[in-house]
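Throughout, protein chains are lettered first and strands after them, A, B, ... in sequence-line order, and every chain is numbered starting at 1. Everything numeric here is computed off the predicted structure, so don't read it as measured data.
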Amino acid sequence: MELVEERPYRFRIERHGDMRVPGLVFASRQLLKDAEKSLEQVVHVATLPGIVGASYAMPDIHWGYGFPIGGVAATDVDEGGVVSPGGVGFDISCGVRLLAADCDRAELRPALLAVMDGLDRAIPRGAGPGGVWRLDGPRQLERILQGGSRYAVEQGHGEERDLIRCEDGGAVADADVTRVGPRARERGLGQVGSLGSANHFLEVQQVARVYDERAAAAFGLAEGQVCVMIHCGSRGLGHQICTDHVREMGRAMARYGITVPDRQLACTPVDSPEGRAYLGAMAAAANYGRANRQLLTDAARRVFERAAGVRLSLVYDVSHNLAKIETHPVDGTRRRLCVHRKGATRAFPPGHPDLPRDLRGVGQPVLIPGTMGTASYVLAGVPGGGAFASTCHGAGRTMSRHEAVRTITDRQLRARLERDGIAARPLSWRGLPEEAPEAYKDVDAVVAVAEEAGLCGRVARLVPLGVVKG
DNA sequence: ATGTGC
């Protein structure tokens, strides 16, 4: 693959073959070493009907289903642009929520282990069913799919600020529950308020460093402060929706005269029955994901209040796996675009009208989960971001799960967490090495490159005190 | 990511 470094930390793949736009990869040479193969996927995405600007890749790019993880692609809705479930990923609405505690590390210290034990009991996690909410039937699931975290708060599981500080005010309006199939509903019914497994986690953290005092103050963060970060998605429901609609679109594609270089890129026009059906179901999964994080917030709050007398207030909640209809300038005119972000975080700049009023001066908070036992970051959107207001989403894997289990033992991992004073509460230690830091890129390098490339600004660095995992 | 496979 021929890459031209057209400016620092921005590499260009010139149009060739069936590419409709170039590829633009925000990265360093070092980060690219681990991602070479996934550049083929950047090229594949550039062939999609209606794509505008470029096929973008963030610094944490790695191999994904059809689209790379760390990919951003925008299509022009009014020019036959397509929507592709592979551009969102299986874990629809996977995202991160950050809560700020009203105490610092020293104040929490005497109660930390009691808090961790409380979370260990209160946070449902791991594969399969189980959640903090037992629904009273399919009608209640529909209310969650329609109302997202707004519904959870209305039911008494949160406060008004939880909605103000959540992307889309806690729920998107365009969910179409009739497009969520029976299997997806069945799977979703028993998993409301659960973490899941793999790289999902709930961490107790402290703010180790503040880079931008003004933004940190607006976000409600200060050095030494305790935080809680929740990283999870839409569980089996989102997974099943992706499976169902990929199959449907794969069958329908030919009718629209669309051919793609990889069947995993199945897509139809946004403005088609299949496109609207997917987006309606995807929006329902987006609401499910927010409700999920809201209910885990509620569970964590009760533990912190009981064990430590500590209150948690929402900093922000943002997804890194979604497609959204947004307006952006393209060649000087404002166009309605379907922006696919897969393992990429929306990062609205200061002044954006969709930001909560008190954040408008500093830009949207961007929440970057690190790997177990490493740092996480709070970033902010900046003017002229360059990839339809998007940035990275995390560390990104370098080792396959298989390779990680083969090379890292659970004893090594356990010793490392103990050495670093991190109280781990895994559901089981077996399989945990899949998520060891060695299996991931260096998150510090990823966010440094994202900032250097002009995609976002660093606000704060967070380090773990305790981690709850599936 | 995932009732960790078709």
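- Residue-level contact check: A:Gly236 touches the backbone only, with heavy atoms under 4.0 Å from sugar-phosphate atoms and none from bases.
- Residues A:Arg290 and A:Glu167 are paired through a salt bridge, judged by an N-O separation under 4.0 Å between the basic side chain and the carboxylate.
- Whole-Å rounding puts the A:Gln240 CD to B:dG5 C1' distance at 14 Å.
- Rounded to a whole Å, the CZ atom of A:Phe90 is 13 Å from the P atom of B:dG5.
- Here B:dT2 presents its P atom at 16 Å from CG of A:Asp244, a figure rounded to the nearest Å.
- The separation between A:Asn321 atom CG and B:dT2 atom C1' is 13 Å, rounded to whole Å.
- Nucleic acid contact class of A:Glu434 (heavy atoms, under 4.0 Å, all strands): none.
- B:dT2 atom C1' lies 8 Å from atom CZ of A:Arg235, rounded to whole Å.
- Ring orientation note: the planes of A:His231 and A:His320 are nearly perpendicular, at an angle over 60° on the 30°/60° scale.
- To the nearest angstrom, P of B:dG5 lies 12 Å from CZ of A:Arg401.
- Taking the ring centre of A:Tyr440 as origin, the terminal cationic atom of A:Arg397 falls inside the region bounded by 6.0 Å and 45° from the ring axis.
- A:His62 places a side-chain N or O within donor-acceptor distance of the main-chain N or O of A:Asp60, the cut-off being under 3.5 Å.
- The phosphate of B:dT2 (OP1 or OP2) has a side-chain N or O of A:Ser197 nearer than 4.0 angstrom.
- The nearest heavy atom of DNA chain B to A:Gly126 and to A:Glu435 marks one nucleotide each, and the one closer to the 5' end goes with A:Glu435.
- The distance from atom NE2 of A:His200 to atom P of B:dT2 is 5 Å, rounded to the nearest whole Å.
- Atoms CZ (A:Arg247) and P (B:dG5) sit 17 Å apart, rounded to a whole Å.
- Contact annotation for A:Arg397: no contact, since no heavy-atom pair falls under 4.0 Å across all strands.
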